[in-house]
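So the structure is just underneath, and the comments pick up after that.
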Amino acid sequence: MGTRKSQLARIQTDSVASRLKELYPGVHLEIVAMSTIGDKILDTALSKIGEKSLFTKELENALEKNEVDIVVHSLKDLPTSLPPGFTIGAILQRENPHDAVVLHPKNAALTLDSLPEKSVIGTSSLRRAAQLKKRFPQLEFENIRGNLNTRLKKLDEKDDYAAIILAAAGLKRMGWESRISQILGPEDCMYAVGQGALAVEVRAQDKDILEMVSVLHHPDTVLRCISERAFLKQLEGGCSVPVAVHTEVKGSMLYLTGAVYSLDGADCLKDTMQTVVEIDNKVSESAQTCEHVGVTASSVSSSALEAAEKLGMDLANALLNKGAKDILTTARKLNDAR
């Protein structure tokens, strides 16, 4: 099993390994940790590096060379188009996908609304900054890089930031839930595509490994994430443009809200669509090899997978028809010029 070296990546990989050991006591698992481009370049905003697979490339190289058989990622780090020969063989049940506010200890009792005017908020995400600038125009937003441990240290030990914004899921997995001062709901800040979900990437031709990890799939999470990834792919978005989503499965209905923003949050296009996704056990033979935005989920009904993917594409097309491409093109150019 391949993983990044960060503490959070190790915790996530260990959690997947323990699930696999429970299910397959006879299988020997060895974990190999490595550094990625995103781990090495810490003085530049992610959106400026211009590399689609910042946190995945080295891991995929090891997968390609048969040095590892399974790679565990945060799904939000995986591009919507995977390199040839690779597939996402499992998406585990999603942790809370929302963003969280972590306040400097001196601001302990406050919220983003009650922080003093011109307080500086640290975030490495264009998506978060765009939405929060619009929602909290009295605050200032500055880039902060590093893994969770590094960012919390920068917050606590200096006076540069009044608060930082992090994914709630990462804080929870690290056992740092007590640091969460505020969870941002969709009305304040919608989340990133795939945020809060873990993905297991494998070689598409390794049928035994693919079958082994497929039992980890969580059907609702799979459908939500496929619709989100299809939405982002159709928009041709990535980490260099502000794109946000919110999904829910209620009964047999899948709801997807998607939005695109200008860098300052002033321009925004947002819409919601829904589709029926009957989760049944009638899995067609073709589902064994059929991929949906890089995901192979033979244990989920193929009609539900197709409906989820179509929902994402339809919502993206609806926003593109309203002018989303202009907003994204301008955002990309401005970000490149910074």
Side-chain angles (χ1 to χ4, degrees), residues 44-54 75-81 97-99 112 121-144 165 167 184-195 224-248 254-275 293-294 308-338:
T44 309
L46 292 178
S47 57
K48 295 287 289 173
I49 301 170
E51 166 66 61
K52 274 187 179 171
S53 39
L54 280 178
L75 181 59
K76 73 172 181 178
D77 291 338
L78 274 174
T80 51
S81 295
H98 295 284
D99 288 317
L112 290 186
I121 312 300
T123 172
S124 58
S125 157
L126 295 179
R127 169 191 58 81
R128 289 171 181 149
Q131 293 180 84
L132 295 172
K133 279 174 187 171
K134 188 180 173 76
R135 173 69 180 80
F136 303 98
Q138 76 280 14
L139 302 176
E140 294 183 356
F141 295 86
E142 287 187 11
N143 190 56
I144 184 168
I165 313 295
L184 296 170
E187 63 289 343
D188 290 330
C189 189
M190 296 201 302
Y191 41 83
V193 166
Q195 185 161 310
R224 288 171 64 189
C225 291
I226 281 176
S227 72
E228 294 170 17
R229 284 171 65 80
F231 173 71
L232 184 64
K233 185 175 184 178
Q234 192 72 4
L235 286 174
E236 296 181 357
C239 69
S240 62
V241 288
V243 174
V245 293
H246 180 259
T247 49
E248 281 183 290
L254 170 62
Y255 296 85
L256 169 64
T257 301
V260 299
Y261 301 87
S262 57
L263 291 190
D264 61 1
D267 290 333
C268 166
L269 280 174
K270 181 176 171 183
D271 207 347
T272 303
M273 285 185 178
Q274 66 275 337
T275 189
V293 274
E309 186 171 11
K310 184 176 184 299
L311 176 65
M313 292 169 71
D314 287 350
L315 183 59
N317 287 332
L319 293 189
L320 288 168
N321 288 336
K322 291 178 186 172
K325 195 169 185 68
D326 292 341
I327 293 176
L328 293 174
T329 302
T330 304
R332 208 172 261 121
K333 281 179 184 165
L334 283 172
N335 182 54
D336 289 345
R338 279 178 170 184

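Values below: all heavy atoms of this structure, side chains included; hydrogens, waters and symmetry mates excluded.
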Got a sec, which residues hit salt bridge (Lys or Arg N to Asp or Glu O under 4.0 Å) with Arg224, two or more places apart in sequence or on another chain?
none
Nearest 0.5 Å please: distance from the OG atom of Ser81 over to the CD atom of Glu236.
9.5 Å
For the residue pair Leu320 and Leu235, establish whether any side-chain heavy-atom pair is separated by less than 4.5 Å.
yes
Can you name the side chain to side chain donor-acceptor pair (under 3.5 Å) partners of Thr123, sequence neighbours left out?
none
Under the side chain to side chain contact (heavy atoms under 4.5 Å, CB included) test, which residues partner Ala244, sequence neighbours left out?
Arg127, Gln131, Met190, Tyr261
Does some side-chain heavy atom of Leu75 sit less than 4.5 Å from a side-chain heavy atom of Leu78?
yes
Looking at OG1 of Thr257 and CD of Gln274, how far apart are the two atoms once the value is rounded to the nearest 0.5 Å?
9.0 Å
Closest non-hydrogen atom pair between Thr247 and Ser227, with its separation
CG2-OG, 3.7 Å
If I take atom CG from residue Leu311 and atom OH from residue Tyr255, how far apart are they, to the nearest 0.5 angstrom?
11.0 Å
The side chain to side chain donor-acceptor pair (under 3.5 Å) partners of Lys322 (sequence neighbours excluded) come to Asp271
So, using side chain to side chain contact (heavy atoms under 4.5 Å, CB included) as the criterion, who are the partners of Ala318 when residues are at least two apart?
Met273
To the nearest 0.5 Å, tell me how far Lys133 NZ sits from Leu263 CG.
6.5 Å
Check whether any side-chain heavy atom of Asn143 lies under 4.5 Å from a side-chain heavy atom of Ser124, and answer yes or no.
yes
Close side-chain approach of Ile165 to Ile121, heavy-atom, < 4.5 Å
yes
Taking every non-hydrogen atom, the tightest pair across Ala308 and Leu254
CB-CD2, 3.8 Å
Would you name the heavy atoms of Ala130 and Ser262 that are closest together and state the gap between them?
CB-O, 3.4 Å
Checking Asp267 now: which residues fulfil side chain to side chain donor-acceptor pair (under 3.5 Å) with it, not counting sequence neighbours?
none
Atom of Gln234, atom of Asn317 and distance for their closest heavy-atom approach:
NE2-OD1, 3.0 Å
Only counting residues at least two apart or in another chain, list the ones meeting side chain to side chain donor-acceptor pair (under 3.5 Å) with Thr275.
none
Heavy-atom nearest pair, Phe141 first then Ala129, reads CB-CB, 4.5 Å
Tell me if a side-chain donor or acceptor on Gln195 pairs with a main-chain N or O of Pro97 at a distance below 3.5 Å.
yes
Nearest 0.5 Å, please: how far is CG in Leu184 from CZ in Phe136?
6.5 Å
Over all heavy atoms of both residues, which pair between Lys134 and Ala266 is shortest? Give the atoms and the distance, please.
NZ-O, 3.7 Å
Results of ring-ring contact (aromatic ring centres under 6.0 Å, His included) for Tyr191 - residues two or more places apart only
His98, His246
Throw together a table of side-chain donor-acceptor distances under 3.5 angstrom for residues 324-331, partners on residues two or more places apart or in other chains.
residue: Thr329; atom: OG1; partner: Lys325; partner atom: O; Å: 2.7
residue: Thr330; atom: OG1; partner: Asp326; partner atom: O; Å: 2.9

Whether Glu228 side chain and Gly194 backbone form a donor-acceptor pair below 3.5 Å:
yes
Interatomic distance, CG@Leu315 vs CG@Leu256, rounded to 0.5 Å, equals 5.0 Å
Under the salt bridge (Lys or Arg N to Asp or Glu O under 4.0 Å) rule, collect the residues that match up with Arg229, sequence neighbours excluded.
none
